[in-house]
Amino acid sequence: MYETMVMARHYEERLQEEYLEGKQPAFDISAGPIPGELHLAAGHEASGVGVCHHLRAEDTVTAPHRPHHIAIAKGVDLKAMTAEIFGRETGLSGGKGGHMHLFDPDVNFACSGIIAEGCPPAVGAGLAAKKRNTDSVAVAFLGEGAIDQGAFLESLNLASVQNLPVVFVIEDNDWAISMPKERVTDVTNGAQRAAGFDLPGTRVDADDVIAISDAATDAIGRARDGNGPSLLEVQVHRRMGHFMGDAEGYRPDADKDAATRRDSIERLETKLRASDIDDETLDELRSRARERVDDAIEWAKEQPEPEPSAAYEDVFSSPPSEDPERAPSVADTGGED
Ligand SMILES: Cc1ncc(C[n+]2csc(CCOP(=O)(O)OP(=O)(O)O)c2C)c(N)n1
Ligand SMILES: [Mg+2]
(Lines give C-alpha, C1' and ligand atoms only; values in the text may rest on other atoms or scores of the structure.)
(Ligands and ions follow the chains in the order given, each with its own letter.)
Protein backbone atom coordinates (compact mmCIF):
# COMPACT_ATOMS: atom_id res chain seq x y z
CA MET A 1 0.00 0.00 0.00
CA TYR A 2 2.88 2.35 0.80
CA GLU A 3 4.49 1.78 -2.59
CA THR A 4 1.20 2.40 -4.41
CA MET A 5 0.56 5.57 -2.43
CA VAL A 6 4.02 6.90 -3.25
CA MET A 7 3.46 6.01 -6.89
CA ALA A 8 0.15 7.88 -6.94
CA ARG A 9 1.66 10.98 -5.29
CA HIS A 10 4.71 11.04 -7.53
CA TYR A 11 2.46 10.61 -10.55
CA GLU A 12 0.52 13.76 -9.67
CA GLU A 13 3.68 15.74 -8.99
CA ARG A 14 5.19 14.71 -12.32
CA LEU A 15 1.96 15.45 -14.22
CA GLN A 16 1.83 18.86 -12.58
CA GLU A 17 5.28 19.68 -14.01
CA GLU A 18 4.48 18.31 -17.45
CA TYR A 19 1.11 20.06 -17.58
CA LEU A 20 2.52 23.54 -17.00
CA GLU A 21 5.01 23.22 -19.84
CA GLY A 22 4.04 25.61 -22.63
CA LYS A 23 0.83 26.86 -20.95
CA GLN A 24 2.30 30.07 -19.52
CA PRO A 25 2.29 33.08 -19.35
CA ALA A 26 -1.37 33.58 -20.36
CA PHE A 27 -2.67 30.17 -19.29
CA ASP A 28 -3.52 28.46 -22.58
CA ILE A 29 -5.38 25.29 -21.66
CA SER A 30 -4.91 23.66 -25.05
CA ALA A 31 -1.12 24.17 -25.18
CA GLY A 32 1.65 21.91 -23.93
CA PRO A 33 2.05 18.13 -23.75
CA ILE A 34 -1.17 17.59 -21.74
CA PRO A 35 -4.03 19.45 -23.42
CA GLY A 36 -7.29 20.22 -21.58
CA GLU A 37 -8.21 20.22 -17.91
CA LEU A 38 -6.31 18.26 -15.28
CA HIS A 39 -7.63 17.44 -11.80
CA LEU A 40 -4.89 16.09 -9.56
CA ALA A 41 -5.57 13.91 -6.55
CA ALA A 42 -2.55 14.52 -4.31
CA GLY A 43 -3.91 14.03 -0.78
CA HIS A 44 -6.50 11.42 -1.84
CA GLU A 45 -4.11 8.43 -2.00
CA ALA A 46 -5.25 6.72 1.20
CA SER A 47 -8.76 6.31 -0.13
CA GLY A 48 -7.99 4.78 -3.54
CA VAL A 49 -5.28 2.53 -2.15
CA GLY A 50 -7.03 1.52 1.09
CA VAL A 51 -10.12 0.41 -0.84
CA CYS A 52 -8.71 -0.96 -4.11
CA HIS A 53 -6.07 -3.20 -2.61
CA HIS A 54 -8.95 -5.49 -1.60
CA LEU A 55 -10.13 -5.79 -5.20
CA ARG A 56 -9.44 -8.24 -8.01
CA ALA A 57 -9.12 -7.45 -11.72
CA GLU A 58 -12.67 -8.72 -12.40
CA ASP A 59 -14.20 -6.35 -9.82
CA THR A 60 -15.48 -3.09 -11.26
CA VAL A 61 -14.43 0.40 -10.20
CA THR A 62 -15.93 3.67 -11.36
CA ALA A 63 -14.16 6.90 -10.45
CA PRO A 64 -14.92 10.61 -10.81
CA HIS A 65 -13.00 13.43 -12.52
CA ARG A 66 -10.07 13.08 -10.05
CA PRO A 67 -9.24 9.50 -10.95
CA HIS A 68 -5.49 8.77 -11.14
CA HIS A 69 -4.89 7.44 -7.61
CA ILE A 70 -7.88 5.12 -7.95
CA ALA A 71 -6.84 3.94 -11.42
CA ILE A 72 -3.30 3.24 -10.22
CA ALA A 73 -4.58 1.34 -7.18
CA LYS A 74 -6.98 -0.69 -9.36
CA GLY A 75 -4.08 -1.76 -11.56
CA VAL A 76 -4.86 0.20 -14.73
CA ASP A 77 -1.93 -0.08 -17.15
CA LEU A 78 0.22 2.90 -16.18
CA LYS A 79 1.81 3.41 -19.58
CA ALA A 80 -1.44 3.24 -21.55
CA MET A 81 -3.12 5.52 -19.00
CA THR A 82 -0.32 8.06 -19.23
CA ALA A 83 -0.37 7.98 -23.02
CA GLU A 84 -4.12 8.65 -22.81
CA ILE A 85 -3.56 11.67 -20.58
CA PHE A 86 -0.97 12.97 -23.06
CA GLY A 87 -3.48 12.45 -25.91
CA ARG A 88 -1.39 9.80 -27.68
CA GLU A 89 -2.47 7.08 -30.08
CA THR A 90 -1.39 4.23 -27.79
CA GLY A 91 -3.46 5.59 -24.90
CA LEU A 92 -6.28 3.57 -23.34
CA SER A 93 -8.80 5.21 -25.67
CA GLY A 94 -6.49 6.14 -28.51
CA GLY A 95 -5.82 9.53 -26.88
CA LYS A 96 -9.42 10.69 -27.36
CA GLY A 97 -10.71 10.38 -23.80
CA GLY A 98 -8.10 12.31 -21.87
CA HIS A 99 -7.52 12.22 -18.13
CA MET A 100 -11.21 12.35 -17.08
CA HIS A 101 -12.32 9.51 -19.34
CA LEU A 102 -9.96 6.66 -18.66
CA PHE A 103 -11.40 3.28 -19.57
CA ASP A 104 -9.61 -0.02 -19.07
CA PRO A 105 -11.71 -3.14 -19.71
CA ASP A 106 -8.78 -5.37 -18.67
CA VAL A 107 -9.30 -4.37 -15.04
CA ASN A 108 -12.90 -3.10 -15.31
CA PHE A 109 -12.09 0.53 -14.60
CA ALA A 110 -13.88 3.62 -15.89
CA CYS A 111 -14.15 7.25 -14.87
CA SER A 112 -16.14 10.26 -15.95
CA GLY A 113 -16.06 14.05 -15.73
CA ILE A 114 -19.77 14.12 -14.84
CA ILE A 115 -20.04 14.00 -11.06
CA ALA A 116 -21.86 10.96 -9.55
CA GLU A 117 -22.01 9.51 -13.07
CA GLY A 118 -20.07 6.44 -11.96
CA CYS A 119 -22.80 5.33 -9.56
CA PRO A 120 -25.39 3.90 -12.00
CA PRO A 121 -22.79 1.89 -14.00
CA ALA A 122 -21.42 0.47 -10.73
CA VAL A 123 -24.94 -0.64 -9.82
CA GLY A 124 -25.19 -2.18 -13.29
CA ALA A 125 -21.94 -4.08 -12.71
CA GLY A 126 -23.26 -5.25 -9.33
CA LEU A 127 -26.48 -6.45 -10.96
CA ALA A 128 -24.49 -8.29 -13.64
CA ALA A 129 -22.33 -9.99 -10.99
CA LYS A 130 -25.45 -11.10 -9.11
CA LYS A 131 -27.21 -12.41 -12.23
CA ARG A 132 -24.07 -14.28 -13.30
CA ASN A 133 -23.74 -15.79 -9.84
CA THR A 134 -20.16 -14.59 -9.36
CA ASP A 135 -18.73 -13.04 -6.20
CA SER A 136 -17.43 -9.96 -8.02
CA VAL A 137 -18.12 -6.57 -6.50
CA ALA A 138 -18.38 -3.03 -7.83
CA VAL A 139 -17.08 0.10 -6.16
CA ALA A 140 -18.21 3.62 -7.09
CA PHE A 141 -16.03 6.50 -5.90
CA LEU A 142 -17.47 10.00 -5.76
CA GLY A 143 -16.64 13.33 -4.13
CA GLU A 144 -18.58 14.80 -1.17
CA GLY A 145 -19.77 17.47 -3.60
CA ALA A 146 -21.66 14.80 -5.55
CA ILE A 147 -23.74 13.34 -2.72
CA ASP A 148 -26.78 15.48 -3.46
CA GLN A 149 -26.93 14.26 -7.06
CA GLY A 150 -29.95 12.23 -8.08
CA ALA A 151 -27.74 9.63 -9.78
CA PHE A 152 -26.10 8.82 -6.42
CA LEU A 153 -29.33 8.68 -4.41
CA GLU A 154 -31.16 6.61 -7.03
CA SER A 155 -28.19 4.24 -7.21
CA LEU A 156 -28.19 3.76 -3.43
CA ASN A 157 -31.88 2.91 -3.62
CA LEU A 158 -31.60 0.42 -6.47
CA ALA A 159 -28.53 -1.25 -4.97
CA SER A 160 -30.34 -1.55 -1.65
CA VAL A 161 -33.66 -2.82 -2.95
CA GLN A 162 -31.92 -5.40 -5.17
CA ASN A 163 -29.30 -6.28 -2.51
CA LEU A 164 -26.43 -5.76 -4.95
CA PRO A 165 -22.68 -6.17 -4.28
CA VAL A 166 -21.82 -2.48 -4.54
CA VAL A 167 -19.74 -0.27 -2.27
CA PHE A 168 -20.10 3.50 -2.59
CA VAL A 169 -17.05 5.44 -1.43
CA ILE A 170 -17.34 9.17 -0.79
CA GLU A 171 -14.02 11.00 -0.84
CA ASP A 172 -14.61 13.99 1.41
CA ASN A 173 -11.96 16.63 0.74
CA ASP A 174 -14.20 19.41 2.15
CA TRP A 175 -14.42 21.26 -1.17
CA ALA A 176 -16.35 21.04 -4.42
CA ILE A 177 -14.35 23.38 -6.64
CA SER A 178 -14.70 26.59 -4.55
CA MET A 179 -17.73 25.45 -2.55
CA PRO A 180 -17.26 24.31 1.07
CA LYS A 181 -19.49 21.34 1.80
CA GLU A 182 -21.41 22.98 4.69
CA ARG A 183 -22.90 25.50 2.26
CA VAL A 184 -24.53 22.89 0.03
CA THR A 185 -25.15 19.71 1.99
CA ASP A 186 -27.36 19.13 5.02
CA VAL A 187 -25.20 16.47 6.67
CA THR A 188 -21.60 16.86 7.82
CA ASN A 189 -21.14 13.10 7.70
CA GLY A 190 -22.02 11.82 4.22
CA ALA A 191 -22.28 8.25 5.51
CA GLN A 192 -25.55 9.30 7.15
CA ARG A 193 -27.13 9.19 3.69
CA ALA A 194 -27.03 5.37 4.04
CA ALA A 195 -29.69 5.34 6.77
CA GLY A 196 -32.34 6.59 4.35
CA PHE A 197 -31.78 3.48 2.25
CA ASP A 198 -31.49 1.04 5.15
CA LEU A 199 -27.80 0.42 4.44
CA PRO A 200 -24.73 0.39 6.68
CA GLY A 201 -22.84 3.67 6.49
CA THR A 202 -19.38 4.25 7.95
CA ARG A 203 -17.16 7.30 8.05
CA VAL A 204 -13.39 7.15 8.47
CA ASP A 205 -12.44 10.49 9.93
CA ALA A 206 -8.75 10.58 9.07
CA ASP A 207 -6.98 9.85 5.82
CA ASP A 208 -5.29 6.89 7.43
CA VAL A 209 -4.88 4.12 4.89
CA ILE A 210 -4.94 1.39 7.54
CA ALA A 211 -8.24 2.63 9.00
CA ILE A 212 -9.68 2.99 5.48
CA SER A 213 -8.50 -0.48 4.54
CA ASP A 214 -10.12 -1.93 7.68
CA ALA A 215 -13.43 -0.25 6.86
CA ALA A 216 -13.16 -1.43 3.25
CA THR A 217 -12.51 -5.01 4.40
CA ASP A 218 -15.95 -5.00 6.03
CA ALA A 219 -17.76 -3.25 3.18
CA ILE A 220 -16.21 -5.29 0.36
CA GLY A 221 -16.42 -8.55 2.32
CA ARG A 222 -20.10 -7.92 2.95
CA ALA A 223 -20.73 -7.29 -0.77
CA ARG A 224 -18.70 -10.36 -1.83
CA ASP A 225 -20.56 -12.57 0.62
CA GLY A 226 -23.90 -11.60 -0.90
CA ASN A 227 -24.91 -9.35 1.99
CA GLY A 228 -25.51 -6.29 -0.12
CA PRO A 229 -24.31 -2.74 -0.59
CA SER A 230 -22.88 -0.25 1.85
CA LEU A 231 -21.62 3.29 1.99
CA LEU A 232 -18.22 4.44 3.16
CA GLU A 233 -17.09 8.03 3.55
CA VAL A 234 -13.41 8.77 4.00
CA GLN A 235 -11.75 12.05 4.90
CA VAL A 236 -9.10 13.01 2.39
CA HIS A 237 -7.41 16.31 1.60
CA ARG A 238 -6.94 18.39 -1.51
CA ARG A 239 -3.27 19.36 -1.55
CA MET A 240 -3.53 21.10 -4.93
CA GLY A 241 -6.13 23.33 -6.61
CA HIS A 242 -9.43 21.95 -7.92
CA PHE A 243 -7.81 21.78 -11.35
CA MET A 244 -4.42 22.82 -12.63
CA GLY A 245 -4.48 26.58 -13.05
CA ASP A 246 -6.85 27.12 -10.09
CA ALA A 247 -5.35 30.01 -8.06
CA GLU A 248 -7.57 29.01 -5.07
CA GLY A 249 -8.30 32.63 -4.15
CA TYR A 250 -11.41 31.39 -2.31
CA ARG A 251 -9.49 29.06 0.00
CA PRO A 252 -8.18 30.23 3.39
CA ASP A 253 -4.42 29.76 3.79
CA ALA A 254 -4.99 27.88 7.06
CA ASP A 255 -7.07 25.28 5.20
CA LYS A 256 -4.40 24.78 2.56
CA ASP A 257 -1.69 24.53 5.24
CA ALA A 258 -3.71 21.98 7.19
CA ALA A 259 -4.18 19.86 4.04
CA THR A 260 -0.43 19.88 3.46
CA ARG A 261 0.38 19.00 7.06
CA ARG A 262 -2.02 16.04 7.17
CA ASP A 263 0.00 13.80 4.91
CA SER A 264 -1.37 10.28 4.70
CA ILE A 265 1.92 8.99 3.27
CA GLU A 266 3.94 10.35 6.19
CA ARG A 267 1.34 8.95 8.55
CA LEU A 268 1.84 5.48 7.07
CA GLU A 269 5.63 5.87 7.13
CA THR A 270 5.46 6.58 10.86
CA LYS A 271 3.38 3.44 11.37
CA LEU A 272 5.73 1.34 9.26
CA ARG A 273 8.79 2.57 11.19
CA ALA A 274 7.01 1.76 14.43
CA SER A 275 6.57 -1.78 13.06
CA ASP A 276 10.33 -2.03 12.53
CA ILE A 277 10.36 -1.46 8.78
CA ASP A 278 13.75 0.11 8.24
CA ASP A 279 14.64 3.19 6.17
CA GLU A 280 16.41 1.12 3.56
CA THR A 281 13.24 -0.84 2.80
CA LEU A 282 11.18 2.35 2.59
CA ASP A 283 13.79 3.89 0.28
CA GLU A 284 13.63 0.86 -1.98
CA LEU A 285 9.83 0.99 -2.19
CA ARG A 286 9.94 4.72 -2.93
CA SER A 287 12.57 4.37 -5.65
CA ARG A 288 10.71 1.54 -7.33
CA ALA A 289 7.44 3.53 -7.28
CA ARG A 290 9.06 6.66 -8.70
CA GLU A 291 10.91 4.75 -11.36
CA ARG A 292 7.69 3.17 -12.64
CA VAL A 293 6.07 6.60 -12.88
CA ASP A 294 9.06 8.24 -14.57
CA ASP A 295 9.30 5.37 -17.08
CA ALA A 296 5.60 5.61 -17.92
CA ILE A 297 5.82 9.37 -18.48
CA GLU A 298 8.95 9.13 -20.62
CA TRP A 299 7.36 6.32 -22.65
CA ALA A 300 4.10 8.23 -23.13
CA LYS A 301 5.86 11.37 -24.35
CA GLU A 302 7.53 9.35 -27.11
CA GLN A 303 4.25 7.93 -28.37
CA PRO A 304 2.72 9.19 -31.62
CA GLU A 305 -0.23 11.54 -31.69
CA PRO A 306 -3.37 10.18 -33.38
CA GLU A 307 -3.75 10.91 -37.09
CA PRO A 308 -6.23 13.75 -37.71
CA SER A 309 -7.97 11.44 -40.19
CA ALA A 310 -8.85 9.12 -37.26
CA ALA A 311 -10.72 11.85 -35.39
CA TYR A 312 -14.18 10.28 -35.90
CA GLU A 313 -13.13 6.68 -35.38
CA ASP A 314 -14.51 5.12 -32.19
CA VAL A 315 -16.40 8.32 -31.41
CA PHE A 316 -19.76 7.65 -33.07
CA SER A 317 -21.32 4.17 -33.20
CA SER A 318 -21.91 4.89 -36.87
CA PRO A 319 -19.41 7.47 -38.19
CA PRO A 320 -21.18 10.55 -39.60
CA SER A 321 -19.03 10.50 -42.65
CA GLU A 322 -16.61 8.15 -44.30
CA ASP A 323 -14.81 11.21 -45.63
CA PRO A 324 -12.32 12.33 -42.98
CA GLU A 325 -12.03 15.80 -44.51
CA ARG A 326 -15.72 16.53 -43.97
CA ALA A 327 -16.91 17.84 -40.60
CA PRO A 328 -20.14 16.27 -39.30
CA SER A 329 -23.25 18.36 -39.89
CA VAL A 330 -26.34 18.44 -37.66
CA ALA A 331 -28.09 16.22 -40.20
CA ASP A 332 -25.20 13.73 -39.97
CA THR A 333 -25.28 13.44 -36.21
CA GLY A 334 -29.05 13.64 -35.73
CA GLY A 335 -29.84 10.48 -37.67
CA GLU A 336 -31.10 7.16 -36.48
CA ASP A 337 -27.99 6.46 -34.34
C1 LIG B 1 -23.35 16.75 -13.07
C2 LIG B 1 -22.22 17.75 -12.97
N3 LIG B 1 -22.45 18.96 -12.45
C4 LIG B 1 -21.45 19.86 -12.33
C5 LIG B 1 -20.18 19.54 -12.76
C6 LIG B 1 -19.04 20.54 -12.63
N7 LIG B 1 -18.13 20.08 -11.57
C8 LIG B 1 -16.96 19.49 -11.88
S9 LIG B 1 -16.13 19.02 -10.51
C10 LIG B 1 -17.32 19.65 -9.49
C11 LIG B 1 -17.18 19.58 -8.01
C12 LIG B 1 -16.88 18.22 -7.54
O13 LIG B 1 -16.65 18.22 -6.17
P14 LIG B 1 -16.49 16.86 -5.42
O15 LIG B 1 -17.54 15.92 -5.87
O16 LIG B 1 -16.41 17.15 -3.97
O17 LIG B 1 -15.10 16.30 -5.97
P18 LIG B 1 -13.64 16.94 -5.79
O19 LIG B 1 -13.42 17.81 -6.99
O20 LIG B 1 -13.62 17.68 -4.53
O21 LIG B 1 -12.72 15.76 -5.79
C22 LIG B 1 -18.36 20.20 -10.24
C23 LIG B 1 -19.55 20.83 -9.65
C24 LIG B 1 -19.98 18.26 -13.32
N25 LIG B 1 -18.78 17.88 -13.74
N26 LIG B 1 -21.00 17.36 -13.38
MG1 LIG C 1 -14.76 17.43 -2.81
Side-chain angles (χ1 to χ4, degrees), residues 37-48 50-52 60-71 73-74 98-103 109-126 138-160 164 166-197 199-205 207 212 215-216 219 229-243 246 250-251 259:
E37 279 192 334
L38 186 66
H39 306 82
L40 297 177
H44 282 221
E45 297 85 359
S47 128
V51 173
C52 291
T60 295
V61 166
T62 62
H65 55 286
R66 204 179 293 290
H68 307 154
H69 61 306
I70 303 169
K74 182 64 172 69
H99 106 101
M100 277 188 280
H101 303 101
L102 305 168
F103 183 74
F109 176 89
C111 60
S112 167
I114 304 301
I115 68 167
E117 190 282 335
C119 298
V123 172
V139 179
F141 285 84
L142 64 156
E144 94 296 332
I147 69 168
D148 306 314
Q149 287 285 100
F152 169 59
L153 300 167
E154 291 169 34
S155 296
L156 283 176
N157 184 61
L158 193 57
S160 177
L164 301 178
V166 185
V167 179
F168 299 87
V169 180
I170 304 167
E171 297 189 301
D172 177 9
N173 64 5
D174 300 318
W175 293 93
I177 314 182
S178 53
M179 186 61 75
K181 69 174 176 189
E182 60 274 14
R183 282 190 54 199
V184 284
T185 297
D186 56 335
V187 290
T188 50
N189 170 0
Q192 283 176 269
R193 287 273 187 268
F197 302 91
L199 295 178
T202 306
R203 178 176 155 87
V204 179
D205 248 332
D207 53 357
I212 294 171
S230 54
L231 174 62
L232 182 61
E233 177 170 86
V234 297
Q235 181 71 56
V236 292
H237 295 95
R238 207 179 79 191
R239 296 171 72 87
M240 297 172 172
H242 171 71
F243 56 87
D246 175 8
Y250 53 84
R251 191 172 179 189

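- You'll find the side chain of Val234 stays beyond 4.5 Å of the side chain of Phe141, heavy atoms only.
- The pair Asp186-Arg193 meets the salt-bridge criterion, since a charged nitrogen lies less than 4.0 angstrom from a carboxylate oxygen.
- When every heavy atom of Glu144 is checked against every heavy atom of Asp174, the shortest pair comes out as OE2-C, 3.6 Å.
- Taking both residues in full, the closest heavy atoms of Ala138 and Ala122 are given as CB-O, 3.3 Å, listed atom of the first, atom of the second, then distance.
- Val184 meets the side-chain contact (heavy atoms from CB on, under 4.5 Å) test with Met179; sequence neighbours excluded.
- At a threshold of 4.5 Å between non-hydrogen side-chain atoms, the residues Thr188 and Glu182 do not count as touching.
- Judged purely by distance below 3.5 Å, without hydrogens or angles, the side chains of Arg203 and Gln192 never pair a donor atom with an acceptor atom.
- For Cys119 against Ala140, the heavy-atom pair with the smallest separation is CA-CB, 4.1 Å.
- Ring-plane geometry between His242 and His65 is classed as tilted, the angle between the planes lying from 30 to 60 degrees on a 0 to 90 degree scale.
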- CA sep, side-chain torsions, deciding dist, call: Met240, Leu38, side chain to side chain contact (heavy atoms under 4.5 Å, CB included): CA-CA 11 Å; Met240 297 172 172; Leu38 186 66; over 6 Å; no
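- Asp148 pairs with exactly one of Val187, Thr185, Leu153 by the side chain to side chain contact (heavy atoms under 4.5 Å, CB included) rule, that one being Thr185.
- Across every non-hydrogen atom of Pro229 and Leu199, the tightest pair is CG-CD2, 3.5 Å.
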- Query: Given Leu232 and Val204, is the side chain to side chain contact (heavy atoms under 4.5 Å, CB included) satisfied, shown in steps?
  - Reply: CA-CA 8 Å; Leu232 182 61; Val204 179; 4.2 Å; yes
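- For the pair Asp207 and Ser47, the minimum side-chain heavy-atom distance is 4.5 Å or more.
- Residues Pro64 and Ile70 have side chains in contact (heavy-atom distance under 4.5 Å, counting atoms from C-beta outward).
- Listed by first and then second residue, the ring pair (Phe, Tyr, Trp, His ring centres under 6.0 Å) pairs involving residues 171-194 are Trp175-Tyr250 (not counting sequence neighbours).
- Arg238 places a side-chain heavy atom less than 4.5 Å from the side chain of Arg66.
- The residue from His44, His237, Lys181, Arg239 that alone fulfils the side-chain hydrogen bond (donor to acceptor under 3.5 Å, both in side chains) condition with Asn173 is His44.
- Between Leu231 and Phe197 there is no side-chain heavy-atom pair separated by less than 4.5 Å.
- Looking at Ile115 and Leu142, their side chains never come closer than 4.5 Å, going by heavy atoms from C-beta outward.
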- Would you check, one step at a time, whether the test side chain to side chain contact (heavy atoms under 4.5 Å, CB included) holds for Val51 with Val139? CA-CA 9 Å; Val51 173; Val139 179; 4.1 Å; yes
